K.L.:
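Provided herewith is a single structure, encoded as structure tokens, for subsequent inquiry.
Values in this document were obtained by computation on a predicted structure and should not be read as measured data. Numbers here simply count residues along the sequence, with the first being 1.
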Amino acid sequence: EVQLVESGGGAVQAGGSLRLSCATSGFTFDDYAIGWFRQAPGKEREGVSCISRSDGVIYYADSVKGRFTISSDNARNPVYLQMNSLKPEDTAVYYCAASEWGCTVVRGGLVDEYDYWGRGTQVTVSS
């Protein structure tokens with residue numbers, strides 16, 4: 001059974017940090033890109049970051065570039081999203097997802113046609 005489980009969300013003040021984890025199982029890790037997406041109330045889902053071990057691609061949305069870092073050691077460890085200098089506009093439910101098509105970017109945005117999704121973890125940043 002394929003599973004992606006996010007953890008590490010919480011409530012922080014602006015300027016703070018959180019590290020999200022995405023634990024994966026049930027598929028061949030190296031064959032899939034892992035993406036992080038977020039969705040705030042009343043807004044469309046946004047692709048935040050993506051890592052593809054097979055071709056070494058790493059993507060960041062402009063809104064998080066320089067503040068967020070995605071990392072992946074190996075298939076046995078979670079994929080992490082280190083989030084620093086958090087802003088109130090980062091408040092959202094964060095999801096990780098797996099795609100066999102890699103980190104596909106169209107017109108600067110991460111395509112969200114992913115095969116498997118986690119249930120999400122809430123991140124709340126107060127001003």
Side-chain angles (χ1 to χ4, degrees):
E1 179 187 5
V2 173
Q3 282 192 321
L4 294 96
V5 180
E6 305 93 340
S7 61
V12 296
Q13 291 190 328
S17 298
L18 285 172
R19 188 177 77 161
L20 303 185
S21 300
C22 175
T24 66
S25 62
F27 60 94
T28 304
F29 183 83
D30 285 350
D31 292 342
Y32 285 77
I34 301 297
W36 283 98
F37 295 83
R38 66 185 180 186
Q39 189 162 23
K43 294 189 177 181
E44 291 188 357
R45 185 164 59 196
E46 175 189 16
V48 174
S49 183
C50 182
I51 187 167
S52 175
R53 289 176 54 86
S54 62
D55 56 13
V57 170
I58 292 179
Y59 164 88
Y60 296 103
D62 287 343
S63 57
V64 306
K65 209 170 285 184
R67 300 188 298 122
F68 290 12
T69 303
I70 193 170
S71 62
S72 168
D73 292 333
N74 55 60
R76 291 187 296 276
N77 292 328
V79 175
Y80 297 106
L81 185 69
Q82 178 67 43
M83 307 188 298
N84 298 329
S85 302
L86 283 162
K87 304 175 181 180
E89 51 263 44
D90 294 319
T91 295
V93 178
Y94 284 70
Y95 302 88
C96 66
S99 170
E100 63 176 331
W101 304 107
C103 300
T104 303
V105 177
V106 175
R107 291 189 294 275
L110 188 64
V111 173
D112 64 357
E113 293 178 0
Y114 278 55
D115 301 282
Y116 307 109
W117 290 82
R119 294 190 174 186
T121 185
Q122 176 71 46
V123 171
T124 303
V125 184
S126 59
S127 58

K.L.:
Identify the heavy atoms of A61 and G47 that sit nearest to each other, and give their distance.
P.N.:
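Smallest heavy-atom distance, with atoms named: CB-O, 3.4 Å.
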K.L.:
Would you mind listing every side chain to side chain donor-acceptor pair (under 3.5 Å) that reaches into residues 87-98, with sequence neighbours excluded?
P.N.:
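Sorted result for residues 87-98: R38-D90, R38-Y94, R67-D90.
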K.L.:
Going from OH on Y80 to CG on D73, what distance comes out if it is rounded to the nearest 0.5 angstrom?
P.N.:
7.0 Å
K.L.:
Which heavy atom of C50 sits nearest a heavy atom of A33, and at what distance?
P.N.:
SG-CB, 3.9 Å
K.L.:
Give a yes or no on this: more than 12 heavy atoms of other residues, nucleotides or ligands lie within 6.0 Å of atom CZ of R45.
P.N.:
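For R45, atom CZ is crowded (more than 12 foreign heavy atoms under 6.0 Å).
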K.L.:
Looking at OG1 of T24 and CG of L4, how far apart are the two atoms once the value is rounded to the nearest 0.5 Å?
P.N.:
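Answer for the OG1-CG pair, T24 versus L4, is 6.0 Å.
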K.L.:
Count I, L, V, M, F, W, Y as connected when their side-chain heavy atoms are under 4.5 Å apart, and connections chain through other members. Are V105 and F68 then in the same cluster?
P.N.:
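They do not share one cluster, since no chain of ILVMFWY contacts under 4.5 Å joins V105 to F68.
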K.L.:
Are I51 and W117 in one and the same hydrophobic cluster, where Ile, Leu, Val, Met, Phe, Trp and Tyr link if side-chain heavy atoms are under 4.5 Å apart?
P.N.:
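I51 and W117: separate clusters.
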K.L.:
To the nearest 0.5 angstrom, please state how far the CG atom of D31 sits from the OG atom of S99.
P.N.:
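That separation rounds to 11.5 Å.
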K.L.:
Does the pair L81 and S49 meet the rule for a side-chain contact (heavy atoms from CB on, under 4.5 Å), with working shown?
P.N.:
CA-CA 8 Å; L81 185 69; S49 183; 4.0 Å; yes
K.L.:
If you measure from CZ on F29 to CD1 on I34, what distance do you get to the nearest 0.5 Å?
P.N.:
5.0 Å
K.L.:
Step by step, would you call Y32 with Y116 a side-chain contact (heavy atoms from CB on, under 4.5 Å)?
P.N.:
CA-CA 10 Å; Y32 285 77; Y116 307 109; 3.9 Å; yes
K.L.:
Kindly say whether G120 contributes a backbone atom to a donor-acceptor pair with the side chain of E6 at under 3.5 angstrom?
P.N.:
yes
K.L.:
When rounded to the nearest 0.5 angstrom, what is the spacing between CZ in R19 and OG1 in T69?
P.N.:
11.5 Å
K.L.:
Do L110 and V57 belong together in a cluster built from hydrophobic side chains that touch within less than 4.5 Å?
P.N.:
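As far as the 4.5 Å side-chain criterion goes, V57 and L110 are not connected within one cluster.
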K.L.:
Are the side chain of Q39 and the backbone N or O of A92 linked by a donor-acceptor pair below 3.5 Å?
P.N.:
no
K.L.:
Given N84 and S17, is the side chain to side chain donor-acceptor pair (under 3.5 Å) satisfied, shown in steps?
P.N.:
CA-CA 4 Å; N84 298 329; S17 298; 2.9 Å; yes
K.L.:
Say you draw a straight line from CD of Q82 to OG of S21; how long is it, rounded to the nearest 0.5 Å?
P.N.:
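The CD atom of Q82 sits 9.5 Å away from the OG atom of S21.
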K.L.:
Which is it for L20 and V123 under the side-chain contact (heavy atoms from CB on, under 4.5 Å) test, yes or no, and what are the steps along the way?
P.N.:
CA-CA 9 Å; L20 303 185; V123 171; 4.0 Å; yes
K.L.:
Does V5 share a hydrophobic cluster with V93, counting links as ILVMFWY side-chain heavy atoms below 4.5 Å and allowing steps through other members?
P.N.:
no
K.L.:
Please check: side-chain N/O of Y59 versus main-chain N/O of T104, any donor-acceptor pairing under 3.5 Å?
P.N.:
no
K.L.:
Show your reasoning for whether side-chain contact (heavy atoms from CB on, under 4.5 Å) applies to Y60 and I70.
P.N.:
CA-CA 9 Å; Y60 296 103; I70 193 170; 3.5 Å; yes
K.L.:
Can you see which heavy atom on G8 is nearest to which on L18, and at what distance?
P.N.:
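So the two residues come closest at O-CD2, 3.8 Å.
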K.L.:
Using the ring of each side chain (for Trp, its six-membered ring), is F37 parallel, tilted or perpendicular to Y114, with breaks at 30° and 60°?
P.N.:
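If you compare the ring of F37 with that of Y114, the planes turn out perpendicular.
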